[in-house]
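By convention in this document, chain letters (A, B, ...) are assigned in the order of the sequence lines, proteins followed by strands, and residues within each chain are numbered from 1.
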Amino acid sequence: MARKSDQTTHKLGKALNRKFFDRSVHEVAPELIGATLLVDGVGGMIVEVEAYHHTDPAAHSFNGETPRTRIMFGPAGFAYVYRIHQVYCVNAVCEAEGSASAVLIRALQPTFGLDEMRARRGVDDKRLLCSGPGRLCQALGIGLAHNGLALDRAPIEMFARTGVPDVLRGIRIGISKAVEYPWRYGVRGSKYLSKPFAKVA
DNA sequence: ATTCTGATAATCT
DNA sequence: GATTATCAGAATC
């Protein structure tokens, strides 16, 4: 059921390499807004992310390395995938090896492979394809098999944004610790956010 | 538009 | 046995 508007693409910047991620999460997270994430050619523009720092009680890495969080303690530029309830979430590991910081990818604006995403998700509404960390993993076919994969090698591709979008900042969602840290970023007015941002003056 | 509840499984204590 | 960086559907404002 792809309509013409579904096939609209956006301009892709240069491919992101590991160097891009080897900086503070607080620099990388806002710059990922407007970038593009594809897995096997399916994906879209990132419209919402959250930063998790190793000094942050809400981060999985806060209490030290465990088998699950091993990837977060490795070098930057790799995918950390974990399961929560019945879905998966993807993160981009940032900063130097051992810093255990990552950016959670929370929502995409679907642009490539709409039909495949609809088939995997079992819904038709474009707004429900990738508007949430679990939804976008299902739409792109991401699972535990992707844990530890490099973000700059097949099947994963990431591209820089070509312009600077209007980026909003706010408090993170769905966590119970360090609730007040304003480390969520998103595109102002996007229809594809997992939740609207609270109004800010 | 906001709030709630149950599903369901790996991980850690 | 407790916890969880979620989702969908239902109920209520």
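- In this structure, A/N91 contributes its side chain and A/Y80 its backbone to a donor-acceptor pair below 3.5 Å.
- A stacked arrangement is assigned to A/Y52 and the six-membered base ring of C/dA5, with a centre-to-centre distance below 5.5 Å and an interplanar angle below 30°.
- For A/Y82 against C/dA5, a side-chain N or O and a base N or O form a donor-acceptor pair under 3.5 Å.
- Note on A/D56 versus A/R172: salt bridge recorded, some NZ/NE/NH1/NH2 to OD/OE distance being below 4.0 Å.
- In this pair, A/Y82 and A/H60 present their aromatic rings perpendicular. The plane angle is above 60°, beyond the 30 to 60° band.
- Backbone-only engagement by A/P67 is indicated by non-hydrogen atom pairs under 4.0 Å involving sugar-phosphate atoms exclusively.
- Each of A/S131 and A/S176 was assigned the nucleotide of DNA chain C with the nearest heavy atom; the assignment lying further toward the 5' end belongs to A/S176.
- Between the CG atom of A/N147 and the C1' atom of B/dT11 there is a distance of 13 Å, given to the nearest Å.
- Regarding A/R70, its CZ atom lies at a distance of 16 Å from the C1' atom of B/dA10, rounded to whole Å.
- As rounded to whole Å, 16 Å separates atom P of B/dA7 from atom CD1 of A/I84.
- Closest to the A/R135 side chain, of the nucleotides C/dA5, C/dA8, B/dC12, is C/dA8.
- When Watson-Crick and G-U wobble pairs are counted only if both distances are under 3.5 Å, B/dT8 pairs with no nucleotide at all.
- Within the shown strands, nothing qualifies as a pairing partner of C/dA5 under the Watson-Crick or G-U definition with both distances less than 3.5 Å.
- Between A/R184 and C/dA5, a side-chain N or O to OP1/OP2 separation shorter than 4.0 Å is absent.
- The closest side-chain donor-acceptor pair between A/H26 and A/S24, if any, does not fall under 3.5 angstrom.
- Evaluated for a salt bridge (charged side-chain N to carboxylate O under 4.0 Å, His left out) with A/E48, the options A/R106, A/K191, A/K195 yield exactly one hit, A/R106.
- Considering only the side chain of A/H60, C/dA5 comes nearest among C/dA5, B/dA7, B/dC12.
- Between A/R83 and C/dT4 there is no side-chain N or O to OP1 or OP2 distance below 4.0 Å.
- Atom pair A/I173:CD1 and C/dT4:P shows a separation of 17 Å (rounding to whole Å applied).
- When the P atom of C/dT3 is taken as reference, atom CG of A/N63 falls 14 Å away, rounded to whole Å.
- The CG-C1' distance, from A/L104 to C/dT6, rounds to 11 Å in whole Å.
- Remark: A/R172 is not in phosphate contact with C/dT6, judged by side-chain N or O atoms under 4.0 Å from OP1 or OP2.
- Pair assignment for C/dC13 gives none, since no Watson-Crick or G-U wobble pairing has each distance under 3.5 Å.
- Of the candidate nucleotides C/dT6, B/dT11, C/dA5, C/dA5 has the atom lying nearest to any side-chain atom of A/N91.
- Judged by the 6.0 Å and 45° rule, A/R23 forms a cation-pi pair with A/F20.
- Between the CD atom of A/E50 and the P atom of C/dT6 there is a distance of 8 Å, rounded to whole Å.
- Distance from the side chain of A/V87 is smallest for C/dT6 among the nucleotides C/dT6, B/dT8, B/dT11.
- Taking atom CE of residue A/M72 and atom P of nucleotide B/dT11, one finds them 15 Å apart after rounding to whole Å.
- In terms of position along DNA chain C, the nucleotide closest to A/V90 lies nearer the 5' end than the nucleotide closest to the other residue of the pair A/V123 and A/V90.
- Between A/Q86 and A/L144, it is A/Q86 whose nearest contact on DNA chain B lies nearer the 5' terminus.
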